[in-house]
Amino acid sequence: MNTAVFPTRQPAEARQAAMVQAVLALAAQQEPASITTTDIAKAIGLSQGAVFRHFPNKQAIWQSVAEWLEATLLPLIQTAAQSSPDPLANLGNIFRAHLQFVQENPGVPRFIFHELQQPADSPVKQQVAGMLQRYGGILIGVLQQAKAQAVVVPNLDERSAATLFIGSLQGLVMQSMLAGSFASIQPVAEGVLVLYLRSIRKEVG
């Protein structure tokens, strides 16, 4: 009879995870602000009441989306940042890993841009901003390694270089959103990376 006690947790966690993915799937197709709990319930085949049995309100769902995003993206970036002894190669690996992640999760940039545009400093906005700050910290660490190995210009401002790196990615993602396809940025993405690395690389000879 004890078996009735334990199954409740896993389905609850699975349904919460499904709601997170539903939000991101919906965000890929429509403005995140227009997503309702009814939309989320319909996407995963639940009633609206069932949604509120797992989350007290829409804000709590959005918080879980932000938490999933940080827990998924940052480890990918950290792994790429440590993927080789060459810090410049690692910057390229971070760049490609980020674009691949966005291509596989097209609702993510819409969610991020939506939250960062909010005038109120909500917990969700704070989480997203904190994630981007930690992302920048990873980049700064890689750039510091590059500086220590003397493979970048000696007067490199690591913080500015990290900001330019993220800005380049955001620009590519924005263009893909405007074009309605991530395939549209693939021909230019590597060119943008080459230009970035050339701008910080130390000239040999």
Side-chain angles (χ1 to χ4, degrees), residues 3-80 94-135 166 169-186 189:
T3 56
V5 176
F6 298 100
T8 56
R9 171 169 296 215
Q10 185 56 39
E13 292 174 351
R15 284 184 175 180
Q16 288 169 353
M19 290 179 209
V20 167
Q21 293 306 309
V23 170
L24 292 174
L26 290 165
Q29 304 296 326
Q30 64 189 77
E31 177 63 31
S34 69
I35 299 172
T36 66
T37 52
T38 301
D39 295 330
I40 298 168
K42 184 178 179 180
I44 60 175
L46 292 178
S47 67
Q48 188 176 19
V51 170
F52 289 119
R53 284 199 292 272
H54 296 285
F55 291 103
N57 50 46
K58 182 178 171 180
Q59 186 76 2
I61 301 174
W62 258 236
Q63 183 72 41
S64 287
V65 174
E67 290 170 357
W68 176 88
L69 177 56
E70 179 168 351
T72 307
L73 178 58
L74 286 190
L76 287 176
I77 300 308
Q78 188 67 64
T79 298
I94 292 171
F95 192 90
R96 297 183 190 97
H98 186 127
L99 287 180
Q100 182 177 351
F101 176 78
V102 172
Q103 186 170 5
E104 293 171 354
N105 301 275
V108 164
R110 289 180 179 273
F111 177 83
I112 290 176
F113 292 149
H114 171 263
E115 288 306 319
L116 293 180
Q117 289 170 5
Q118 300 308 302
D121 198 18
S122 69
V124 179
K125 182 178 180 179
Q126 290 176 3
Q127 175 111 21
V128 172
M131 179 199 69
L132 292 175
Q133 185 175 12
R134 285 182 279 278
Y135 189 142
I166 294 175
L169 283 166
Q170 289 174 333
L172 286 167
V173 170
M174 185 68 72
Q175 287 184 43
S176 73
M177 291 169 63
L178 290 171
S181 169
F182 281 92
S184 64
I185 66 169
Q186 289 176 349

Taking atom NZ as the centre, does K125 end up with more than 12 heavy-atom neighbours from other residues, nucleotides or ligands that are less than 6.0 angstrom away? yes
State the CD-CZ distance between Q100 and F95, to the nearest 0.5 angstrom. 13.5 Å
Test item: V23 and W68 side chains (from C-beta on) under 4.5 Å apart, heavy atoms: no
Can you tell me how far apart CG (L73) and CD1 (I112) are? Round to the nearest 0.5 Å. 7.0 Å
Can you check whether N105 reaches F111 side chain to side chain, under 4.5 Å on heavy atoms? no
Taking side chain to side chain contact (heavy atoms under 4.5 Å, CB included) as the definition, give me every residue that meets it alongside Q126, ordered by chain and number, with sequence neighbours left out. D121
Grab the two heavy atoms, one from A27 and one from R110, that are nearest each other, plus how far apart they are. O-CD, 2.5 Å
Which atoms form the tightest heavy-atom contact between T37 and Q48, and what is the distance? OG1-NE2, 2.6 Å
Show the numbers, then the answer: is there a side chain to side chain contact (heavy atoms under 4.5 Å, CB included) between L69 and F101? CA-CA 10 Å; L69 177 56; F101 176 78; 3.7 Å; yes
Mind running side chain to side chain contact (heavy atoms under 4.5 Å, CB included) on Q127 and M131 for me, showing each step along the way? CA-CA 6 Å; Q127 175 111 21; M131 179 199 69; 5.7 Å; no
Suppose we screen for salt bridge (charged side-chain N to carboxylate O under 4.0 Å, His left out). Which residues come up paired with E115, at least two apart in sequence or across chains? none
Less than 4.5 Å apart, side chain to side chain, heavy atoms only: is that true for L132 and L116? yes
How long is the gap from CG on L99 to CD on Q186, to the nearest 0.5 Å? 9.0 Å
Under a 4.5 Å cut-off applied to non-hydrogen side-chain atoms, are I44 and R15 in contact? no
Contact between V102 and L169 at the side-chain level, heavy atoms closer than 4.5 Å - yes or no? no
Note, D39 side chain near Q30 side chain (heavy atom, < 4.5 Å): yes
Smallest separation among heavy atoms of A71 and P75, with atom names: O-CG, 3.1 Å
Are side-chain heavy atoms of S64 and M19 found at a separation under 4.5 Å? no
I61 vs V51 side-chain heavy atoms within contact, under 4.5 Å: yes
Under 3.5 Å, is there a donor on one side chain and an acceptor on the other for Q63 and Q59? no
Could you state the interatomic distance from CD1 (I94) to OG1 (T79), rounded to the nearest 0.5 Å? 10.0 Å
How would you list, by chain and number, every residue that makes a salt bridge (charged side-chain N to carboxylate O under 4.0 Å, His left out) with R96, sequence neighbours excluded? E190
Apply side chain to side chain contact (heavy atoms under 4.5 Å, CB included) to the pair I40 and F55, showing each step before the final yes or no. CA-CA 12 Å; I40 298 168; F55 291 103; over 6 Å; no
Determine whether W62 and V128 satisfy the following criterion, side chain to side chain contact (heavy atoms under 4.5 Å, CB included), listing intermediate values before the conclusion. CA-CA 11 Å; W62 258 236; V128 172; over 6 Å; no
Which atom of H114 lies closest to which atom of A33, heavy atoms considered: NE2-CB, 3.4 Å
d(M174 CE, I185 CD1) to nearest 0.5 Å is 12.0 Å
If you compare all heavy atoms of A12 against all heavy atoms of H54, which two are closest, and at what distance to 0.1 Å? CA-CE1, 3.7 Å
With a sphere of 6.0 Å drawn around CD of E31, does it hold more than 12 non-hydrogen atoms of other residues, nucleotides or ligands? yes
